Every structure is written in structure tokens, then in C-alpha cells.
Asker: 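Shown below is the structure under consideration.
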Amino acid sequence: MLKRPNALLPRHFLSTAAALLLALPVAVAPLGAALAWGATGHEFVSGIGAELLPEELPAFVRTPEAIADIAVFGRELDRSKGSGDPHDKERDAGHFVALDDAGLVAGLLALDALPVTREAYDSALRAGGKATQYSAGYLPLAIVDGWQQLVKDFAYWRAASVGARTALDPADRVWFDADRVRRERLVIRDLGVWSHYVGDASQPMHVSIHFDGWGPFDNPRGFSTKRGLHAHFEGAFVRANVQREQVKNVAAPYRACTCSIQDRARMLIEASHAAVVPLYELDLKGAFIDGNEAGIAFVTARLADSASVLRDMIVDAWRASADMGVGYPMISVSDIEAGRRILARDDFGRD
């Protein structure tokens with residue numbers, strides 16, 4: 001699904017897109033106005049990812065009500081589009097990253113060597129003279145940023161849960177219990193909204209310069225250059241052909257990688273990038289028409305991979321939260337849970 005069916009390019013890019021694509025040695029895909037997946041696909045990824053969570057995760061995030069909320073919140077970053085600038089211009093580029101056929105961002109940066117911050121990332125792209133974070137997209141950094149927030153959310157929930165039982169002042173125990181409930185609402189909201197980026201990363205055209213048709217690049221296989229594939233593939237085709245239960249059935253079990261969130265994001269994006277050529281091969285064969293088994297299997301696999309990775313990232317976030325600091329000055333959650341530090345309300349709000 002696309003924000004504007006007849007305008008895949010951001011407004012500021014329309015007048016210069018053709019010239020830039022021809023002039024640059026490596027073209028950058030302008031995906032700012034594109035949504036990935038449509039509502040159905042994002043609800044599948046976010047909802048199934050939450051439904052697959054193990055009992056290790058707290059019960060509040062695994063209830064049917066929470067799963068339903070997370071699924072719908074998974075669409076939120078698309079629903080908020082069109083709010084105006086700077087909102088749109090700052091956020092749209094978080095939905096994609098334009099990798100060339102060698103897997104480099106704007107022909108410059110490897111995914112396993114990206115700068116840590118958006119400022120440094122943007123500076124590196126500008127120094128290369130080919131792109132900015134806005135034209136090349138910053139999806140990998142958006143995934144990391146949202147995951148770090150989820151770790152902090154879980155950490156405060158864990159601390160508040162202990163404070164509600166062990167604070168010395170009864171009034172503090174009441175306050176911590178209320179804060180625990182607030183944190184549950186916040187976790188579900190933040191998790192759901194952030195999960196959108198994980199869904200985006202599983203859509204092959206959102207991690208490629210070939211974002212809607214093959215584009216003005218070497219094309220010996222004769223892949224379609226006609227626009228419209230992007231919207232049809234992620235929207236109408238998914239809604240009409242892909243079954244939620246089948247996506248869940250082919251999801252992978254939790255995969256422990258003892259790796260960083262940067263590595264988790266990179267591996268998901270690399271898997272999607274590896275699916276770009278197979279996607280265009282299937283399109284050449286007419287696979288993305290209603291009822292085509294090959295097309296349905298391809299999309300089902302991409303959605304299932306995304307839901308599986310989302311589940312893995314959430315589990316990792318929960319585990320990482322045990323070592324996170326909360327309050328000011330920072331107090332280790334592990335110290336709070338082990339009883340080495342008894343919380344008071346002032347630990348969360350000392351002026």
C-alpha cells in the first residue's frame with residue numbers, strides 16, 4: 001500500500017528525481033512516501049510476533065487484548081503520515097534503506113559498518129557526495145532506536161513491580177503499583193509502534209534501489225520497470241491471498257544469536273535484500289496475481305520471517321532490561337530485583 005498511489009516520490013524529490021537517477025553512479029531509491037506493508041501485512045507481523053512470545057515474557061504483554069493492540073499499533077507509523085512537516089520529512093525516511101545490488105547504502109556504507117547515530121550516518125553519506133539520511137533512508141537505525149526504548153520500558157516496569165511490593169513507605173508502594181500499570185500501557189504502545197519498522201525491513205523493495213520496478217539500471221533479465229508493483233505486492237495481493245494462520249505456522253522458533261540489536265536488524269535487512277531478485281523473477285512470471293501459489297508462498301515467507309525476528313528482538317529486549325539502569329542517579333534493575341537496593345518514589349522523581 002502507498003501513501004499516494006500516483007506519487008511514490010517525496011514532494012521535494014519529484015522535480016529532480018529523473019536527473020539524479022541518471023547522474024549518480026549509484027542511484028538512491030526515494031521511498032519517503034511509500035508504506036510497507038499495507039495494513040494487513042503490518043497487523044500480521046506485529047500481532048503474530050507478539051503472539052509467539054514465550055512465557056518468559058510478563059503476562060501483560062501476552063494477553064489477547066495486548067496482542068490485538070500491538071497488531072493495530074503496528075500500522076501507526078503509516079497512519080500518522082500526512083501530518084505535515086517537519087513530522088513527515090523527519091520520519092518518512094525511517095521506513096526504508098536504499099541498498100544497491102552490492103548491499104551498500106548509496107554505494108558507500110556497508111550495513112555491518114554503519115555509524116551509530118543518525119548525525120554520523122548523515123555526515124558519512126553527505127561526505128560521499130551521493131546521498132543524505134533522507135534520500136538513502138535510515139531504517140536500520142530506526143529499528144535500533146525503538147528497540148533501545150523498549151529495553152528501557154521493560155526495565156522501568158520491572159523496577160516498579162518490585163517497588164510496589166518492597167518500598168518502605170506505603171504511599172510509595174501505591175505509587176509504584178500505579179506506575180507499573182502505566183508502564184504496561186506504555187510498553188504495549190511503544191512495542192507496537194516500533195514493530196512497524198521490523199515489518200518494513202522484511203519487504204524487499206523497502207531495502208533496495210529497485211523500489212518500484214527495476215528502475216534505470218542494468219537489466220539483462222528484462223525485469224519490469226513499470227511502476228505499481230510496490231503497492232500491489234504489499235497491499236492488495238497480501239490482503240486477498242495471504243492467510244494469517246499460515247504465516248504463523250511457518251514462523252521460525254526463537255533463534256539465539258548472542259549478538260547485538262544492530263546485528264539482528266542487519267541480518268533481517270540482508271535477508272530481505274537477498275529476496276529482491278527472486279521477487280522480480282516471480283513478477284516476471286506473473287506470480288503476484290490472485291491465487292498464484294508461488295507468489296503466496298513468497299510473501300508468506302517474508303511476513304513469517306519478520307514476525308519471527310520481531311519475537312526474537314522482543315525476547316532480547318526483555319532479557320537486556322535486567323541489566324538496564326533506571327531512575328536518577330541510575331540504579332541497576334538487577335540490584336533492585338535482587339533486593340540490594342530498596343526503591344523509594346524519589347528514586348524515580350528526585351528534583
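Keep in mind the model is a prediction, meaning the values are calculated, not measured. Every heavy atom of this structure was used, including side-chain atoms; hydrogens, water molecules and symmetry mates were not.
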Asker: For residues 239-327, pull every pair meeting disulfide (SG to SG under 2.5 Å), keeping only residues two or more places apart or in separate chains.
Answerer: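 Sorted pair list: Cys257-Cys259.
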Asker: Quick test of your reading: applying disulfide (SG to SG under 2.5 Å), list the pairs with at least one residue in residues 93-134, sequence neighbours left out, ordered by first then second residue.
Answerer: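 As it turns out, there is no disulfide (SG to SG under 2.5 Å) pair with a partner in residues 93-134 once direct neighbours are skipped.
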Asker: Please list all pairs meeting disulfide (SG to SG under 2.5 Å) that have one or both residues in residues 315-351, counting only residues at least two apart or in different chains.
Answerer: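 Non-adjacent pairs meeting disulfide (SG to SG under 2.5 Å): zero.
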Asker: Quick check against the 3.5 Å criterion: does Arg311 have a side-chain atom that pairs as donor or acceptor with the backbone of Ala252?
Answerer: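 Yes; judged by distance alone, with no hydrogens or angles, the pair exists.
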Asker: So that I know where these two stand, are Phe60 and Trp157 an aromatic pair - ring centroids less than 6.0 Å apart?
Answerer: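 Yes.
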Asker: With a 6.0 Å cut-off on ring centres, are Phe211 and His206 close enough?
Answerer: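 No.
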Asker: Name the residue from Ile209, Ile269, Leu109 that meets the side chain to side chain contact (heavy atoms under 4.5 Å, CB included) definition with Leu99.
Answerer: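 The single option meeting the side chain to side chain contact (heavy atoms under 4.5 Å, CB included) with Leu99 is Ile269.
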Asker: Is atom CG of Asp290 surrounded by more than 12 heavy atoms (other residues, nucleotides or ligands) closer than 6.0 Å?
Answerer: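 Atom CG in Asp290 is packed in, count exceeds 12.
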Asker: Considering only residues two or more places apart or on different chains, which pairs with a residue in residues 117-221 satisfy disulfide (SG to SG under 2.5 Å)?
Answerer: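 Residue pairs with at least one partner in residues 117-221: there are none.
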Asker: Filter on salt bridge (charged side-chain N to carboxylate O under 4.0 Å, His left out), then keep only pairs touching residues 101-123, sequence neighbours left out; what's left?
Answerer: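 Every salt bridge (charged side-chain N to carboxylate O under 4.0 Å, His left out) pair that includes a residue of residues 101-123, provided the two are not neighbours, is Glu90-Arg118, Asp122-Arg126.
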Asker: Looking at Asp305 and Ala301, would you say the former's side chain and the latter's main chain have a donor-acceptor pair under 3.5 Å?
Answerer: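 Not a single qualifying donor-acceptor pair exists.
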Asker: Determine whether a donor-acceptor pair (N or O, by modelled atom type, separation under 3.5 Å) exists between the side chain of Ser195 and the backbone of Gly192.
Answerer: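 Yes, Ser195 side chain to Gly192 backbone: donor-acceptor pair under 3.5 Å.
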Asker: Any donor and acceptor pair, going by atom type alone, linking the side chain of Tyr254 with main-chain N or O of Leu53 inside 3.5 Å?
Answerer: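 No: the side chain of Tyr254 does not pair with the backbone of Leu53.
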Asker: Quick check for you: to the nearest 0.5 Å, what is the distance between Gln262 atom CD and Met267 atom CE?
Answerer: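 Going from the CD atom of Gln262 to the CE atom of Met267 covers 11.0 Å.
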Asker: Looking at side-chain heavy atoms only, is the closest gap between Pro54 and Val315 below 4.5 Å?
Answerer: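 Yes. Closest side-chain heavy atoms under 4.5 Å.
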Asker: Can we say Arg340 and Asp335 salt-bridge, meaning some charged N sits less than 4.0 Å from an Asp/Glu carboxylate O?
Answerer: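 Yes, charged N to carboxylate O under 4.0 Å.
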Asker: So, Arg319 and Glu56, do they make that salt bridge, N to O below 4.0 Å?
Answerer: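 Yes.
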Asker: The criterion is side chain to side chain contact (heavy atoms under 4.5 Å, CB included); which residues satisfy it with Ala155, sequence neighbours excluded?
Answerer: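 Listed in chain order: Ser321, Met324, Val326, Val333.
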Asker: Taking atom types as modelled, find out whether Asp263 and Ser260 have a side-chain donor-acceptor pair closer than 3.5 angstrom.
Answerer: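 Note: Asp263 and Ser260 side chains meet the donor-acceptor criterion.
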Asker: Are the ring centres of Phe233 and Trp37 closer than 6.0 Å?
Answerer: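 They qualify: ring centres under 6.0 Å apart.
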Asker: For the pair Lys152 (side chain) and Gly325 (backbone), establish whether a donor and an acceptor sit closer than 3.5 Å, ignoring hydrogens and angles.
Answerer: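 Yes, because the side chain of Lys152 sits within donor-acceptor range (under 3.5 Å) of the backbone of Gly325.
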Asker: Taking His196 as the fixed residue, which of Glu76, His95, Arg79 is the one that meets the side-chain hydrogen bond (donor to acceptor under 3.5 Å, both in side chains) rule?
Answerer: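 In the set Glu76, His95, Arg79, the residue that makes a side-chain hydrogen bond (donor to acceptor under 3.5 Å, both in side chains) with His196 is His95.
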Asker: Quick one: do Lys285 and Glu281 make a salt bridge, cutoff under 4.0 Å?
Answerer: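 Salt bridge flag = no for Glu281 with Lys285.
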Asker: Whether the side chain of Arg62 engages the backbone of Leu57 through a donor-acceptor N/O pair (distance < 3.5 Å, no angle test) should be reported.
Answerer: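 Pair found, side chain donor or acceptor close to backbone of Leu57.
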Asker: Taking the side chain from Asp347 and the backbone from Ala344, do they hold a donor-acceptor pair closer than 3.5 Å?
Answerer: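 Yes; at least one donor-acceptor contact below 3.5 Å.
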Asker: Does CZ in Arg189 sit with more than 12 non-hydrogen atoms of other residues, nucleotides or ligands closer than 6.0 Å?
Answerer: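 Atom CZ in Arg189 is not packed in, count stays at 12 or less.
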Asker: Output yes when a side-chain donor or acceptor of Arg302 lies under 3.5 Å from a complementary backbone atom of Gln203, and no otherwise.
Answerer: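 Such a contact is absent between Arg302 side chain and Gln203 backbone.
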Asker: If the plane angle is over 60° it's perpendicular, under 30° parallel, otherwise tilted; pick one for Tyr280 and Phe223.
Answerer: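 It falls in the tilted class, 30° to 60°.
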Asker: To the closest 0.5 Å, what do you measure between CG (Leu191) and CD1 (Ile188)?
Answerer: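 If I round to the nearest 0.5 Å, the distance is 8.5 Å.
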